[in-house]
Structures are given as structure tokens and as C-alpha cells.
Amino acid sequence: MSVIKVTVDGASRELESGSDGFGLFTDKTIVAQRVNGELRDLAHKLQDGDVTEGVAISSPDGLNILRHSAAHVLAQAVQSINPEAKLGIGPPITDGFYYDFDVETPFAPEDLKALEKAMDRIIRQGQRFIRRVTNDGDATVELSNEPYKIELIGLKGSDAVGEGSAEVGAGELTIYDNVDPQTGNVVWKDLCRGPHLPNTRMIGNGYALTRSAAAYWRGNENNKQLQRIYGTAWPTKDELRAHQERLEEAARRDHRRLGAELDLFSFPEEIGSGLAVFHPKGGIMRRVMEDYSRKRHEESGYEFVYSPHITKSNLFEQSGHLAWYADGMFPPMVMDEEVDENGVVRKQGQNYYLKPMNCPFHILIFKSQARSYRDLPLRMFEFGSVYRYEKSGVLHGLTRVRGMTQDDAHLFVTPDNMEEELTKVLGFVLGLLRDYGLDDFYLELSTKEEGNPKFVGDPAIWETATATLQKVATASGLELVPDPGGAAFYGPKISVQARDAIGRTWQMSTIQLDFNLPERFDLEYTAPDGTKQRPVMIHRALFGSIERFFGVLTEHYAGHFPPWLAPVQVVGVPIAEAFSPYLHSIADRLKAAGVRVTIDDSDDRMQKKIRNHTMAKVPFILLAGGEDEAAGAVSFRFRDGHQENGIPVDDAVARILKAIEDKVQV
RNA sequence: GCCGACUUGGCGCAAUUGGCAGCGCACCGUACUUGUAAUACGGGGGUUAGGGGUUCAAGUCCCCUAGUCGGCUCCA
């Protein structure tokens, strides 16, 4: 019996040759091993000189393995119920997994319950996942009933594999056999790179099937749609439950639900999909958000411009929008030409379009006069309403709409200004987002894809512009995530991603360089030496759109808006009717200072009023009864239920005003 | 746009195999005036998303349209 030397979790050990991970990692939470940097099954036999370490089920790799194995069991369950189902792919994803199937009849919600039962049976059997090396020829014969798997084999090692990389990799081709431990029979098999859990029992009961949906084969809408089943899987039932509670928390924060509950906005069917109306309470919030933004823009050297909602087609022909994005635009309003009795055109026909972007209008303002380098940087700002014909399936509350108002700015700068101006813009954007209560950011730098002809403009300008963006982004000190190939065809961009109160990330602002439009509109300014030069254009939307930002803030705050944004800031609740005049006198002082305050003089019981206004998420409930009035005081009750009684009225008023002024949360 | 599910008073939901459209909240009225999350009693409100079909009979079954939700694709 020969001996091999192996490094195990950093320690050197001597083992009998032929040893595998099972002997080394007896801890049941170790489900796989990483050998020389590669993830392997525990059953993988080690060679002399190997370096191996255990992979715990709760580690990121371990969770992926768990979820991938759960996906296999799901597929096995599906085929046990419907042997005709053809297998697509089944990878782990964030928090779970999915598996795609080609089936005659799509899965119904009831099917998921039956599938979970079938999965439970497989899991309880403790079937072993056994890796088997094969080759293209043998696998093609063996999987002749699985056309999608055969397609993947054909793509093996090529970039085109894409989503199928869990099935086939660049290395050897492998099939995993599921072996019944009682009989030793192979009960199921799937083309797969692995690794897997040692057996199905380790999946345990911390998994659930969540939903079914259709998905295009290999993510291409020209391909057939397969039926996808999503699931989630965790090492323990408790962790599954915690995950489900996180989802429930997200559902409680859903801006669509809160928008209705708090009477902020709605989407009347009569208007059309993706077109919102803001109710008075939502209207107050929008106005406050917009007013503050206006004030900050004014302080930062922006000039306010206005432009119409529609334009003749030639503007969007010149800008290129009609050529590039016609599908995403509402169809034109057609003004027919008028012809007299002799067939002579009396009035030429015209097509008018709803605008999908504001930039061409701002460009025309730039072009309205000859510009000098002294005019630059020129910063134009507009709350510009734009309309985009988003496909019906993508509409989603306020975050994906067909009519929206962008807080849009276009900055025209000389190439020399570019770095300084970008630095200012990024600082401005981050500062303003912080004022609205978002403070956890990272940046994404979207650059062009080398060799792709869709990117227009001089490569040298791209290079300097990208380098400038990179420099500015790095100087901000924020984490910078590269997004190669993510640039628009006309220029690179930085986007600001914000994490909300429960850790979800939202793309907020984008700062985008544009080399296309200045060219198309032949923009120029006179340089100090008298020559004509082309300005650089920066597009910048801060909130993205007011609607979307409104939705994000609603979810971030879970409807508990800070006082400065809250539609109703203070509600007074008299302990008994007799104390209403006293509360009104306090409310009058607040009102005079601009506070949005009401007194609840309804004949509900006091407790009911507290309940109502707490559920309406009013930041300050002020109560006053005999004790308060006698002391010249008032009592606070807050949304979280805590109370502070007997606060002198002057202090109470000052405290409310300060909370609003400082934009703090209470 | 594609696949699936769903749509019942303002809101949230019920209604057995096709057999009298109901409940809670909200709203309106009356009484009550209370110290920190639901006072009591009474009242009004629905052509079951819209349209068509099957049937003695349709909220329920079938078809079309619109909208919503979950995904896929897309997102200047």
C-alpha cells in the first residue's frame, strides 16, 4: 500500500493512496472539497501532492452545491411524474435554484405541491450522487432522449454555453448517476459538471418550490419557451423560514401595496398601463421632493429649461432615436397632408411623436445662439416628462412605467472641463441622494466592448472619456464595479447603485458621456483661439425618474417617511373633545411655520384615532388632555409606539420644526 | 411581446358538484366624549373587469378583449 502526501485544510498529512474526501472530512457540514482550487465531490480521490480543503454547506460554494443538488432532485421528481418531460438546464441562483423543462402542459401551482412530495421521497431515500466521466459520443447516445442536453454537449467549451455552464464545462464531460443505496441501482441520471452533495438526504427539509414560469431556451427570445420551476434551498428549516420572512418583509414594503394603503398614487385602468396618477398625499411628497431638488440644482449652477411633450419626427430622426428606438416609442400622431382640387399639396403632412427623451430639446436650446467657451460649462435642468412604449410584460408599479418625469440635466462642457465637471456632478448626485436618506452606494463603470461596431465615436475620445470616468469614480472612494460592454452605443457611463434599508440594490443615477449627439447636431463653441470646437455632452438623471425614485423611497422607508417628506407630518388627538381648542392653538403655531398638521376632531375614540394615524404612518401624533393643558404641555406618540409625555409646547414645536429642517427620521 | 395564474361593493376576502351574491374594514346616521393600536347600534353600497357563448339556471364552464401578478426577453 503506497502512501501519498496531501495538504488538508492547511496541514500536511500522509494518506493511503486512493483516499477520498469522505475519510478526511467527517464533519457532516462538509459537503464537498476544494482540491487544488477546484470544487470536487467528497468522493474525489486525492493524488500525491494535492492541496484540499473542506467546503461547508453554509459557505457560498456549499450553498450553490446544495441548491444545484436540489435542482437535480426537482428534475428527477418531474420526470418521475411525467417521463415525457425533457430536461433543460438547472443551475443554482441567488437563494435558490431553478430547472427548465420542455413539457406539453405548463406546471400549475398545484403541481408544485405534488412535486415537493415526490422530492421528499427522493430525499428520504438518500440516493447517492455518483460522478461518471463520459465523452461526447457516448453521452450523445446515452442522452438521445434529451435533445437539450445534446445541444449543450455540442456547445461544450464554447462561450455560447452561457447559462448551461452548470451542465457542461471546458473540461471533461460527466454524468451524475443517482444511485438507490438499498439496491445499488441507478434510478436517474443527468448531464452535469458537479460537484454534488454526497447524497440527496443532505438536502433535508430546508427547501421549497416557489413558482413556475416560462423561460426562453438559452435565454434567447427566438428560441422555444421552456417551463421553469423555481425553488429555494437552505441548510436548515430555520434558515428557510428566515428567508421566507425576508420575502414577507419585502412584500410589506412593496410600494404598489403601500401606495394604495397610504393613498399616494394609483394606476387607473381607464388611463392605460404604466400611467400613474398621484393622489393629494403622493402629490405633496412629489412636490416636496421636486422643490428640494430644484433648490439644490439652482445652488449648484444649473439653469432651468422647459420643453414640450411632443415634437415633429425630424427631431428624433436627427437625434437617431427613431432609427434606434422606434419600437420603444409610442406610435406617431399623424397629421395628414392637405391637397387642393388640383392635387397640389396645400399643407404638408407631419408625424408628431411623444418624446422618449429630453436631450434633443436641450440641444436645440444650446444651438439657439452661438456659444463661446465662456458659456461653458452650460448646465440645463428640466423635470421632463417622457413617454416610452415599454412592453406590457415589463411594466411594474412605479419602477417601470410608460409615462415618467425625469429629473434630467444635460451639461455641455469643453474637453478640458470634463474631469472637473464630472467630479462635481458625481459629488452633487451623491450628496442629494444622501439628503433623501440613501447613504449606501457603489458605482458601476460601463465601458464599451472592444471590436463591437455598434459603439460610435472616435476610439481616442472613448479612451480618454473612460479614463476620466474611471478617475472620477475612483476619487469618490466608493466601491467601483466594472461593467464591460455595458456602455450605451454613444458613450461610457457611471451609474450609482444604492442599497436600501433591507439591503436590496437599486440603480439610481446615471452619468453618461455622449459623443454621438454633439456630432449629429453639429454642436460647436468658439474656443479662446477663435476656432470652432465640439463640446462634450453629459447626460445626467439623478433620480432616474421621479416616479421610480418615489417607489424606491417608499420601499426604503417602508412607508415610514421622515417628517420632511411625510404627507401629513403631525396629527393632533385630543384626549377628549374639551381639549380640542387647546390642540388647535398648538396646531396653528405649527401651521404658521409651514408644518402639515391636522387635528382629528372625529367622534372616534381616542385609541381608535391613535391606531388610525399610526397605520397611516404619521411621524408625530400629538396628544393633549387635562394634565397637558394645565402644564402648558403636549404629549408625543411616535410610529414605533413609544411616547414622551408632558413636553412644554415651545419645546414640542421647536422639536418638530428641527426634525423637518434637518431631514432626520423619527 | 411570450408563458402561466388571477380580476367578486372604495379596500381585503367568502360563496359545496353550475342553484337566493355574503363577511370584515372603510363610508353614512344616531348615541357616547374616554390618557396612548379597533365604543355600540343602525343604514346605504355590487349587471361578479368588459364583451360574446353553452345551459332551465353561470361569480362558477368555453371564447375574445382589457388590466393585474409572477417569470422570460427588453430597459436609450
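Reckoned from all heavy atoms, side chains included, excluding hydrogens, waters and symmetry mates. Bear in mind that the values here come from a model prediction, so they are computed numbers and not experimental data.
With C1' as the reference atom, B/rA58 and B/rG53 are 11 Å apart, rounded to whole Å. Straight-line distance between the P atoms of B/rC11 and B/rC63: roughly 28 Å, to the nearest whole Å. Taking atom P in both B/rA49 and B/rC13, the straight-line distance is 15 Å, to the nearest Å. Spacing of C1' atoms, B/rG22 relative to B/rG9, comes out at 11 Å, to the nearest Å. With C1' as the reference atom, B/rG46 and B/rG1 are 35 Å apart, rounded to whole Å. Between B/rA66 and B/rG51, the distance separating the two P atoms is 15 Å to the nearest Å. B/rU39 and B/rG45: their P atoms are spaced 26 Å apart (whole Å). Distance check on atom P: B/rG4 versus B/rG44 gives 45 Å, rounded to whole Å.
Pairing partner, B/rC6: B/rG67, with both Watson-Crick or wobble hydrogen-bond distances short of 3.5 Å. B/rG44: no Watson-Crick or G-U partner with both key distances under 3.5 Å is found in any strand. The partner of B/rA14 cannot be assigned: no Watson-Crick or G-U wobble pair with both contacts below 3.5 Å exists in any strand. Using N1 to N3 plus N6-O4 or O6-N4 for Watson-Crick, or N1-O2 and O6-N3 for G-U wobble, each under 3.5 Å, B/rU39 pairs with B/rA31. Nucleotide B/rC72 has B/rG1 as its partner under the Watson-Crick or G-U criteria, with both atom distances under 3.5 Å. Nucleotide B/rC61 forms a pair with B/rG53, judged by Watson-Crick or G-U wobble geometry with both contacts under 3.5 Å.
Dense packing is recorded around NZ of A/Lys367, with more than 12 heavy atoms of other residues, nucleotides or ligands lying under 6.0 Å away. In this structure, A/Glu248 places its CD atom where more than 12 heavy-atom neighbours from other residues, nucleotides or ligands lie under 6.0 Å away.
Picking from B/rA76, B/rC72, B/rU36 the nucleotide with the shortest atom distance to the side chain of A/Asn645 gives B/rU36. Across B/rA76, B/rU73, B/rU36, the shortest atom-to-atom separation from the side chain of A/Val394 is found for B/rU73. Distance from the side chain of A/Arg228 is smallest for B/rC72 among the nucleotides B/rA76, B/rC74, B/rC72.
If you check the side chains of A/Gln406 and A/Asn358, you find a donor sitting under 3.5 Å from an acceptor. If you check the side chains of A/Asp483 and A/Ser446, you find a donor sitting under 3.5 Å from an acceptor.
Not one N or O on the side chain of A/Gln569 forms a donor-acceptor pair closer than 3.5 Å with the backbone of A/Phe620. Although no hydrogens or angles enter the test, the distance criterion places a donor-acceptor pair under 3.5 Å between the side chain of A/Arg520 and the main chain of A/Gln318. Between the side chain of A/Glu555 and the main chain of A/His255, a donor-acceptor pair closer than 3.5 Å is present.
Rounded to a whole Å, the CG atom of A/Leu112 is 12 Å from the P atom of B/rA5. In this structure, A/Ile621 atom CD1 and B/rG35 atom P are separated by 17 Å, rounded to whole Å. Remark: P of B/rG12 and CG of A/Leu258 are 13 Å apart, rounded to the nearest angstrom. Regarding A/Gln497, its CD atom lies at a distance of 14 Å from the C1' atom of B/rC75, rounded to whole Å. A/Trp217 places its CH2 atom 13 Å from the P atom of B/rU73, with the value rounded to the nearest Å. One can place CD of A/Gln225 at 11 Å from P of B/rC72, the figure rounded to the nearest angstrom. As a whole-Å value, the separation of A/Phe638 CZ from B/rA37 P is 15 Å. Here B/rG71 presents its P atom at 10 Å from CG of A/Leu247, a figure rounded to the nearest Å.
When each of A/Phe489, A/Phe515, A/Trp462 is checked for a ring-ring contact (aromatic ring centres under 6.0 Å, His included) with A/Phe455, only A/Trp462 meets the rule. Under the side chain to side chain contact (heavy atoms under 4.5 Å, CB included) rule, A/Phe561 has a single partner from A/Val618, A/Leu264, A/Val568, which is A/Leu264.
A/Glu221 contributes no side-chain N or O that forms a donor-acceptor pair with the base of B/rC2 under 3.5 Å.
Proximity of A/Arg257 to the phosphate of B/rC11: no side-chain N or O atom is located under 4.0 Å from OP1 or OP2. Phosphate proximity of B/rG71 to A/Tyr216: absent, as no side-chain N or O sits under 4.0 Å from OP1 or OP2.
For the pair A/Arg67 and A/Phe97, the cation-pi criterion (under 6.0 Å, within 45° of the ring axis) is not fulfilled. The cationic atom of A/Lys86 (NZ for Lys, CZ for Arg) does not lie both less than 6.0 Å from the six-membered ring centre of A/Tyr148 and within 45° of the ring axis. For the pair A/Arg211 and A/Phe107, the cation-pi criterion (under 6.0 Å, within 45° of the ring axis) is not fulfilled. The cationic group of A/Arg402 lies under 6.0 Å from the six-membered ring centre of A/Tyr389 and within 45° of the ring axis, placing it in a cation-pi geometry.
In this structure, A/Ser635 reaches the bases: a heavy-atom distance under 4.0 Å links it to at least one base atom across the strands shown. Note on A/Asp628: a base of the nucleic acid sits closer than 4.0 angstrom, heavy atoms only. Residue contacts for A/Pro356: at a heavy-atom cut-off of 4.0 Å it reaches a base atom on one of the strands shown. At a threshold of 4.0 angstrom between heavy atoms, the contacts of A/Gly641 with the nucleic acid are absent. Using a 4.0 Å heavy-atom criterion, one finds that A/Glu390 contacts no nucleic acid atom at all.
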Shorter than 3.5 Å, N or O on both sides, protein versus nucleotides 59-62 of chain B: list them out with atom names.
none

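A heavy atom closer than 4.0 Å to some atom of RNA chain B occurs in A/Asp603, A/Arg605, A/Met606, A/Gln607, A/Lys608, A/Ile610, A/Arg611, A/Thr614, A/Met615, these being the qualifying members of residues 603-615 of chain A.
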Taking protein heavy atoms under 4.0 Å as touching, what does nucleotides 63-70 of chain B look like 5' to 3' if B marks base contact, S marks sugar-phosphate-only contact and - marks none? ---SSSSB

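Heavy-atom distances to RNA chain B give each of A/Phe107 and A/Phe489 a nearest nucleotide, and the one nearer the 5′ end belongs to A/Phe107. With RNA chain B read from its 5' end, the first of the two nearest nucleotides for A/Gln227 and A/Glu629 is the one closest to A/Gln227.
Ion pairing between a basic and an acidic side chain is recognised when a charged N comes within 4.0 Å of a carboxylate O; A/Arg252 and A/Glu249 show such pairing. Taking the charged nitrogens against the carboxylate oxygens, A/Arg218 and A/Glu151 do have a contact shorter than 4.0 Å, which makes a salt bridge.
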